[in-house]
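Data first, discussion second: the structure below is written as structure tokens.
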Amino acid sequence: MAITSKTSLFALMVVFLHSCAHPVTAKSTNSSLPVVLWHGMGDSCCNPLSMGSIKSLVESLVPGVYVKSLMIGSNIISDTMNGFFMNANDQVTDVCKQLASDPKLKAGYNAMGFSQGGQFLRAVAQRCPNPPMHNLISFGGQHQGVYGFPHCPGNSSTVCDYVRELLNLGAYNDYVQGFLCQAEYWHDPLNEELYRNKSIFLADINQEKVVNPTYKANLQKLNKFVMVQFSEDTMVQPKISEWFGFYKPGQAKVTYTLQESPLYIQDKLGLKQMDKEGKLVFLTAVGDHLQFTNEFFKQSILPFLK
Ligand SMILES: *[C@@H]1O[C@H](CO)[C@@H](O)[C@H](O)[C@H]1NC(C)=O
Ligand SMILES: *[C@@H]1O[C@H](CO)[C@@H](O)[C@H](O)[C@H]1NC(C)=O
């Protein structure tokens, strides 16, 4: 198939900018660590309907708090496009630089990642311990990747269809791995070895290739690692990946939990240790992907931002 140029896709993305809605508003508390947000696929730093409203919500619930909504690239369009077509490792490197160069984050910050922003921020925690991340909150992040790409946010699926075609063409194709970040967390349970060999992002941060002791040490510096799973998620397959579980190898039906996974049992990433120390928090939000209420946020998330 033909690979369309990035620029010709820019126009298509405009429709995405308004496709992700979070109905949110709110009230008050006391000041605390800054909060860093990383948006999901098809979204941007500054969409008033998504990250913009989350930013306002946090600002109203935590008066005086500094909220930084990450932009990857120099404007909203490139930020949105980079959520598809920029190598995840390069995105993480870019974010590490942004965080290190922001004087307001020097004393540390809490991080909230939305969808793929969840696993990307975990990579930040593992690779870039300065400034220190205090709590990591992952909303529908895919910590064991995805095997399936059922649909995209909203109804504007042109770029999504293109991404799906590429994934079908071969998520583990070296060319596709080089730039398509969804391919970089594609996890094929029917061919775990190929995944381990070829995934340039997820297999690395999940210690599938080699065990990097620095990743383990850095992740353990977190105070809490909060994972929110959406009970009716139709975007993420399997949705237990949002709690760090996945399909058992060799098939795509039966899943295992984090606690049943080799990663946990062998404690290659320190998750077992963190679990023992009460650092892992598993939350359920009732709804489809990234759909949660203000009430849920106030009750279940706000305590981790104080
Ligand atoms: C997509 O569009 C149809 C028709 O306009 C609408 O009924 C449906 O709710 C939309 N779906 C989403 C996910 O926005
Ligand atoms: C994975 O890499 C190893 C070592 O290079 C190689 O022997 C093996 O055939 C590869 N397997 C797959 C499925 O690519």
Side-chain angles (χ1 to χ4, degrees), residues 1-4 6 41 82-93 96 115-116 118-128 141-150 160-219 235-272:
M1 60 168 287
I3 306 296
T4 320
K6 272 193 189 186
M41 180 187 79
N82 286 336
F84 293 99
F85 304 116
M86 182 174 174
N87 181 308
N89 293 318
D90 295 340
Q91 294 192 51
V92 169
T93 301
C96 288
S115 200
Q116 67 185 16
Q119 61 264 34
F120 293 175
L121 276 171
R122 177 164 61 83
V124 170
Q126 292 175 206
R127 291 176 183 168
C128 308
Q142 302 102 43
H143 294 284
Q144 275 292 5
V146 294
Y147 184 56
F149 202 91
C160 239
D161 287 344
Y162 172 71
V163 168
R164 293 174 78 173
E165 269 184 73
L166 282 175
L167 291 171
N168 290 333
L169 177 73
Y172 298 132
N173 171 291
D174 290 337
Y175 170 73
V176 174
Q177 279 289 313
F179 73 92
L180 185 67
C181 66
Q182 285 73 35
E184 296 160 4
Y185 58 81
W186 188 259
H187 186 167
D188 185 348
L190 306 178
N191 204 338
E192 292 280 347
E193 188 177 295
L194 189 63
Y195 158 68
R196 275 195 294 275
N197 282 2
K198 294 293 187 178
S199 165
I200 63 166
F201 174 71
L202 193 69
D204 177 68
I205 63 165
N206 284 0
Q207 311 278 51
E208 296 280 7
K209 295 167 189 281
V210 292
V211 175
N212 181 336
T214 307
Y215 284 176
K216 183 173 178 175
N218 285 343
L219 193 64
M235 290 268 304
V236 172
Q237 292 177 341
K239 70 181 183 213
I240 200 169
S241 185
E242 299 176 354
W243 276 359
F244 231 129
F246 203 63
Y247 293 118
K248 290 183 176 172
Q251 48 84 59
K253 239 186 162 138
V254 184
T255 58
Y256 55 62
T257 63
L258 169 64
Q259 287 78 3
E260 294 164 338
S261 71
L263 178 67
Y264 183 95
I265 292 164
Q266 297 163 21
D267 209 18
K268 289 191 260 186
L269 195 51
L271 292 163
K272 186 176 178 180

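Just follow the structure's listing: the first ligand is 1, and inside any ligand the first atom is 1.
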Using the test side chain to side chain contact (heavy atoms under 4.5 Å, CB included), find all partners of Pro213 that sit at least two apart in sequence or belong to another chain.
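Side chain to side chain contact (heavy atoms under 4.5 Å, CB included) list for Pro213, sorted by chain: empty.
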With the criterion set at N/O pairs under 3.5 Å, what does the list of contacts between the protein and ligand 2 look like, atom names and distances included?
{"residue": "ligand 2", "atom": "2 (O)", "partner": "Asn197", "partner atom": "OD1", "Å": "3.1"}
{"residue": "ligand 2", "atom": "2 (O)", "partner": "Asn197", "partner atom": "ND2", "Å": "2.3"}
{"residue": "ligand 2", "atom": "11 (N)", "partner": "Glu193", "partner atom": "OE2", "Å": "2.5"}
{"residue": "ligand 2", "atom": "11 (N)", "partner": "Asn197", "partner atom": "ND2", "Å": "2.9"}
{"residue": "ligand 2", "atom": "14 (O)", "partner": "Asn197", "partner atom": "ND2", "Å": "3.1"}

Test side chain to side chain contact (heavy atoms under 4.5 Å, CB included) applied to Gln237 and Tyr247, step by step
CA-CA 9 Å; Gln237 292 177 341; Tyr247 293 118; 4.1 Å; yes
After noting the C-alpha distance and the side-chain angles of Phe246 and Thr255, does the key distance pass the side chain to side chain contact (heavy atoms under 4.5 Å, CB included) rule?
CA-CA 5 Å; Phe246 203 63; Thr255 58; over 6 Å; no
When Asp204 is tested against each of Arg122, Arg196, Arg127 for salt bridge (Lys or Arg N to Asp or Glu O under 4.0 Å), which residue passes?
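Option passing the salt bridge (Lys or Arg N to Asp or Glu O under 4.0 Å) with Asp204: Arg127.
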Which residue, Glu192, Glu208, Gln142, forms the side chain to side chain donor-acceptor pair (under 3.5 Å) with His187?
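Single pass found, and it is Glu192.
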With a 6.0 Å cut-off on the ring centroids, do Tyr162 and Phe85 count as close?
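So the answer is yes for these two rings.
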